[in-house]
Every structure is written in C-alpha cells, then in structure tokens.
Amino acid sequence: MLRPQDTPTRERRSLAGLWDFRLDAAGEGLSSGWYEGPLPEAQAMPVPASYNDVLVGTHSRDHVGDAWYRTTAFVPRGWAGQRVVLRVDSATHAATVWVDGTEVMSHSGGYTPFEADITDLVTPGEQIAVTVVVNNELSFQTIPPGYVEDTPQGRRQRYFHDFYNFAGLHRQVWLYATPHTHVDDITVVTDLDGTTGVVRYRVTAAGDDSHDVRVRLRDAEGTEVARTTGPEGELRVVDAHLWAPGDGYLYDAAVELVAPDGTVIDVYHQSVGIRTVEVRGTEFLINGSPFYFRGFGRHEDTPVRGKGHDDVFLVHDMELMSWIGANSFRTSHYPYAEEVYEYADRHGIVIIDETPAVGLNMGIAGGIFGGPSFETFSPETLNATTREAHAQVIRELVARDKNHPSVVIWSIANEPESHTEAAREYFEPLFALARELDPSRPVGFVNVMLSPHGTCRLSDLADVLMLNRYYGWYVQTGDLANAEAAWRTELEAWAGDGKPIIITEYGADTIAGLHSLTPEPWSEEYQVAYLEMNHRVFDSVDAVVGEHVWNFADFRTSSGGVFRVDGNKKGVFTYDRRPKAAAHALRTRWTAERD
Ligand code: GCB
C-alpha cells in the first residue's frame with residue numbers, strides 16, 4: 001500500500017491537530033447518530049496521540065469501548081477533477097469512519113493504515129466533516145488477543161501482553177488527491193549481479209489502461225542511472241552504491257503513467273535501497289557480508305503521547321541509538337509508524353519487522369503472571385477466526401513495508417505458545433503465507449523461554465532463530481553464575497540446529513538511581529552485570545548473530561500485576577530518555593566493535 005506523497009500529480013493534506021473528542025463508555029454514540037453532526041459535549045484531543053494519558057483520570061486511562069473523534073477540513077479547490085482519498089495511518093484497535101455522515105470505511109487491526117476513495121462525497125473548495133469512532137476492545141479473535149471482563153465496577157480490558165493498551169488515532173490522518181488513473185501499488189525487490197545492482201519491479205495501476213508505465217531510476221545526486229518501460233521489469237545499475245547498515249544510500253524510482261501522447265498522467269516516487277539479505281548456514285548476510293545485530297526491542301511509547309507518533313522522539317531516539325552504537329531494532333510488538341521506517345531507510349538502520357501478534361500464550365498469562373488460565377488454542381479461545389485475523393495482519397504488514405530496505409526479517413509473532421501440536425497447526429499456514437507474500441526476506445517468530453530447545457514445535461519453520469531469554473532475571477534471579485551456566489547450555493543446544501540465532505530479548509528491570517555494592521536485582525549495577533554475563537555467553541557461541549536488549553527505554557504497562565513498578569523498567573534509558581549505567585556499558589561494547 002503506497003504512502004501518500006506530494007508529486008507534480010499528487011497532493012496531500014494532513015489532518016493532524018486538535019480534533020473534537022468524546023469517550024463513549026456507554027456505547028451510545030452509534031445509536032444516537034454522533035457521526036451525523038458535531039459531537040455533543042466534546043473536548044479537545046490532539047491527533048496523533050493516545051488519548052489515555054492526555055486526559056486526566058481513570059475514566060480515560062482505563063476506558064473500554066468506543067471513543068469518538070471529529071474534525072472538519074477544506075478539500076482544496078485545486079483538487080477538482082482528481083480522485084480524493086481519506087487515509088488513516090492507524091486507529092487502535094478498530095475504527096469506522098464517516099464523511100459528512102456517510103460511512104466510508106471500517107478497519108480492524110490497530111497498527112496498519114486503511115483508506116477510502118471519497119471523491120463522490122466531496123466538492124473541492126468546500127468543507128467536509130470527518131468522524132472516526134475508535135474502539136480499543138480486544139477479544140480472543142483479535143490480534144493481539146484479550147478479553148473484556150464484566151466486573152461489579154464496570155468493564156475491564158484484560159490482555160496477555162506486557163505493554164499498556166494505549167488507544168486512539170496514533171498516527172497521521174491524510175486527505176490526498178491523485179489522478180483518477182493512478183499508480184496503485186509498486187513492489188521492488190533488489191539483487192546483485194557482481195557489482196551491478198538489479199532492481200526488479202512490478203507496478204499496478206488503477207483507472208483506464210490507455211497508458212504505459214515508465215520507470216526512471218536516479219541516484220542520490222539526481223543523475224538518471226537506468227530507465228525502462230512496462231508494468232513489470234528490471235533496471236540494472238552498474239557499480240551500484242549499495243544500501244548497507246550505517247549507509248542508507250537510496251536511489252529514487254520515478255514511476256510514471258504515460259498517456260499515448262506523452263503526457264505524464266501520474267508520478268510516484270519510490271525510494272530504492274539496493275541490497276541483498278540471505279541466511280547461509282548460521283550466518284545472516286547483508287550484501288553477502290555477515291551482519292551482527294546490535295540494538296534493542298523497543299516500544300512506541302513516550303510520556304503523555306503514549307503511542308502517538310512524534311517526530312521529536314523519533315529523531316531523539318534514533319540519535320540515542322546512534323550514540324550507543326546500535327545498528328538495528330525490532331518493532332516489538334507491532335508495526336511502527338511509517339515515518340520510522342523511512343528514517344531507518346535513510347540512515348541505514350536495520351529493522352526486524354513484527355506483526356501485532358503478541359500474547360498468544362496463555363502459559364505466560366496464567367502461569368508467570370498469575371492470571372486466570374485458558375487453553376491457548378481452542379474453539380473458545382484462539383481459533384480459526386483468530387488465525388484469519390493473524391493472516392490479515394501479516395498481509396497488511398507486508399503490503400505496507402515490503403519496499404523498505406531497512407526491513408530484513410519478518411517476525412510473525414512474539415512469544416506464542418510453541419511447544420504444542422495445536423501451535424504447529426495454527427502457525428504452519430502463517431509461515432507459508434508470509435513466504436508466499438514475500439519470498440525475498442527471511443521469516444521467523446520470537447521463541448519464549450517456556451519453549452526451550454528440544455520442545456519448540458515451530459523453530460524448524462523459521463529461517464532465523466529469535467530467542468527471548470531472561471536467565472538471571474525471571475529464573476536464577478540474582479544468581480548470575482548459575483544463570484550463565486544454564487544459559488550457555490541452552491544456547492549451545494540451539495546452535496546445533498545450524499541456523500543463525502538472534503537474542504531478541506534479554507534484560508533486567510532497573511530503577512534508575514538505585515545503587516548497590518554487590519549486584520542486587522533492580523539496581524543499576526545489576527543491570528550492567530546481567531548484560532555482561534549475557535555477552536560472555538553470546539561471545540562464546542558462534543551461531544549468535546545478534547543481541548537486542550530488552551528494552552531501549554522504560555515503558556508503560558497495565559497496572560494489573562505486582563511485577564511492575566510504574567511500568568516495565570528494563571529500559572537502558574528511562575521513560576524520559578536519561579541513560580542508566582547500562583547505557584554507558586553498552587556503548588563501550590557496541591562502539592568498540594564498530595569497524
Ligand atoms: C517478554 C516479552 C516482553 C516483556 C518482557 C518482560 O518476554 O516479549 O513483551 O515486556 O518479556 O519484561 O517481561
């Protein structure tokens with residue numbers, strides 16, 4: 001799915017700003033027709049943002065159900081004769097949208113964009129009202145899953161993942177215009193033939209067919225390096241400047257629809273990073289060279305905004321990543337804002353791109369976290385409908401992110417139940433789907449500690465082994481010597497599988513400012529010692545090709561467990577991005593290893 005952009009034939013208008021907003025815990029908005037006119041008793045709400053922490057009080061923080069947003073906007077006069085589209089970059093977790101009281105689209109899934117052609121509903125030069133009702137409820141049939149419990153004091157959202165269920169319009173909302181005949185989609189896959197870059201592309205167009213497709217590839221200086229015509233084809237770049245970690249070199253493909261008389265009907269600019277990704281034995285190769293992942297599992301979570309995308313934190317967080325010597329991160333545990341991938345493309349940062357399939361493991365929910373226990377896969381819990389929702393989030397992830405050179409692995413789930421036959425039945429078709437949608441990238445999932453080597457029924461389906469392990473934290477707590485021995489034993493067993501291993505999570509909760517002479521859990525000294533212990537283990541196993549500390553920064557969680565003190569404190573940086581001692585220790589390790 002193409003991201004809106006301004007080109008000589010296209011124009012976009014952001015609807016970011018203050019919208020009218022109203023929570024609807026009673027669920028009366030729909031039957032009262034709140035989409036027909038101004039929202040009664042509305043208050044102001046910034047878009048993009050999670051609404052939870054912007055307002056004050058438990059009614060917003062712990063709201064369950066619908067939340068209504070409304071704004072007005074002028075459709076530019078200059079858009080007469082164009083196709084007009086309304087696009088929501090994300091609405092968490094489901095939404096329905098109206099334009100001037102007419103329903104135009106609904107979408108489930110909180111982290112991918114959706115859009116509707118609203119040409120017939122608008123008159124350029126006139127104002128429209130856009131109303132969005134966003135629902136934050138999770139069920140056993142949504143991804144991620146959860147359930148709503150009726151308690152004597154009202155409805156409560158329960159879920160099985162360890163981050164706060166922030167909700168709202170988290171990203172941009174766009175009005176944009178294209179010609180009626182327009183570029184609808186572009187797929188680019190790159191390869192190398194010696195030093196020649198090979199760019200294979202496919203363009204689909206919508207509208208009438210009396211046009212040709214022309215693709216012109218320019219280098220970063222704007223010099224044309226290749227051109228061709230046709231909806232599918234190949235461009236060859238002699239002595240290509242490759243996209244590589246730390247070198248986000250991008251070519252620009254101008255994709256044009258050209259009328260028989262030579263008029264350019266539509267043009268879309270697709271960035272192209274020429275690079276290859278390959279798994280060979282226990283190595284992970286980018287452009288044929290072994291790559292070692294250094295970085296973090298992260299969250300989209302910043303003070304007050306919650307999951308609202310914010311360019312200030314985007315750039316600041318990436319600056320901190322660069323300062324510490326990180327070269328990569330995982331979009332734990334959902335697709336991030338598209339701005340993040342564009343930044344990563346441009347700066348040579350490597351991404352493991354994850355679906356929102358997190359918490360598909362009732363063993364953690366009912367076991368470790370002490371909640372009620374459920375069977376993970378059953379007709380009443382995660383079932384065929386859930387799997388279809390899961391397939392849909394994979395489709396939407398690949399459709400949105402397939403052209404980003406920064407994305408090198410698809411992670412189709414985080415820590416699902418993976419030791420049972422039911423898990424295998426559930427996941428086998430999803431691995432096949434991800435590979436069919438994108439044969440060019442390795443596919444994996446993130447394995448949980450509860451499925452150690454020898455018990456996991458999914459790891460043979462993955463191209464790369466991604467392991468989350470907390471030796472010295474959740475097990476052997478405070479006993480780093482025994483943790484080290486147990487961890488090494490398990491890791492050596494995984495290494496025997498002959499695949500590259502990325503440690504996608506290891507971490508220890510740490511209260512910034514808490515110090516101890518001997519490494520006591522929760523102290524800054526313990527976090528440093530814990531990371532050093534892990535690094536000794538990784539450095540002794542050749543098949544390990546990456547280390548992602550959990551987590552880049554402290555983050556919000558639900559308040560439903562005694563495990564968390566004001567959220568999850570495994571950050572190497574605090575919630576407001578101050579370094580803990582571990583940040584300096586990591587920087588020493590990660591910058592020393594730089595070439
Ligand atoms: C995990 C999860 C992550 C949690 C983390 C923790 O294994 O993947 O979402 O936040 O552990 O801190 O417990």
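Being a predicted model, the structure only gives us computed values, none of them experimental. As the structure lists them, so they are numbered: ligands from 1, and atoms in each ligand from 1.
Under 4.0 angstrom from ligand 1, the non-hydrogen atoms of Tyr470 all belong to its side chain. Residue contacts with ligand 1 for Glu505 involve side-chain atoms from C-beta outward but no N, CA, C or O (heavy atoms, distance under 4.0 Å). Contacts with ligand 1 closer than 4.0 Å are made by no heavy atom of Val446, backbone or side chain. The residue Val448 has no part lying near ligand 1, judged by heavy-atom distances below 4.0 Å. Here Met449 has no heavy atoms under 4.0 Å from ligand 1, in either its backbone or its side chain.
Using a 4.0 Å cutoff on heavy atoms, Phe555 counts as a contact of ligand 1. Residue contacts with ligand 1: Arg330 is excluded, as none of its non-hydrogen atoms falls under 4.0 Å.
Relative orientation of the Phe445 and Phe431 rings is perpendicular, given thresholds of 30° and 60° on the angle between their planes. The aromatic rings of Trp487 and Tyr471 lie parallel to each other, with less than 30° between the two planes, well short of the 60° mark. Using cut-offs of 30° and 60° for the angle between ring planes, the Phe140 and Tyr147 rings count as parallel. Taking the six-membered ring for Trp and thresholds of 30 and 60 degrees, His347 and Tyr343 have nearly parallel ring planes, at less than 30 degrees apart.
Residue contact check: Asn468 has heavy atoms under 4.0 Å from atoms 7 (O), 8 (O) of ligand 1. Atoms of ligand 1 lying under 4.0 Å from any heavy atom of Tyr474, numbered from 1 in the order shown and given with element: 6 (C), 12 (O), 13 (O). Short contacts between ligand 1 and His333, defined as distances under 4.0 Å to a heavy atom of the residue, involve ligand atoms 3 (C), 8 (O), 9 (O). Close approach of ligand 1 to Arg564 is summarised as follows: ligand atoms under 4.0 Å from at least one heavy atom of the residue are 6 (C), 12 (O), 13 (O).
Side chains of Asp438 and Trp410: a donor on one and an acceptor on the other come within 3.5 Å.
Cation-pi geometry between Arg305 and Phe313 is not met: the NZ or CZ atom fails to fall both under 6.0 Å from the ring centre and inside 45° of the normal.
When the options Glu396, Glu338, Arg400 are evaluated for a side chain to side chain donor-acceptor pair (under 3.5 Å) with Thr112, the one that passes is Glu396.
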| field | Audit row: Tyr426, Phe377, ring pair (Phe, Tyr, Trp, His ring centres under 6.0 Å) steps and yes/no | value | CA-CA 8 Å; Tyr426 178 97; Phe377 301 103; 4.8 Å; yes

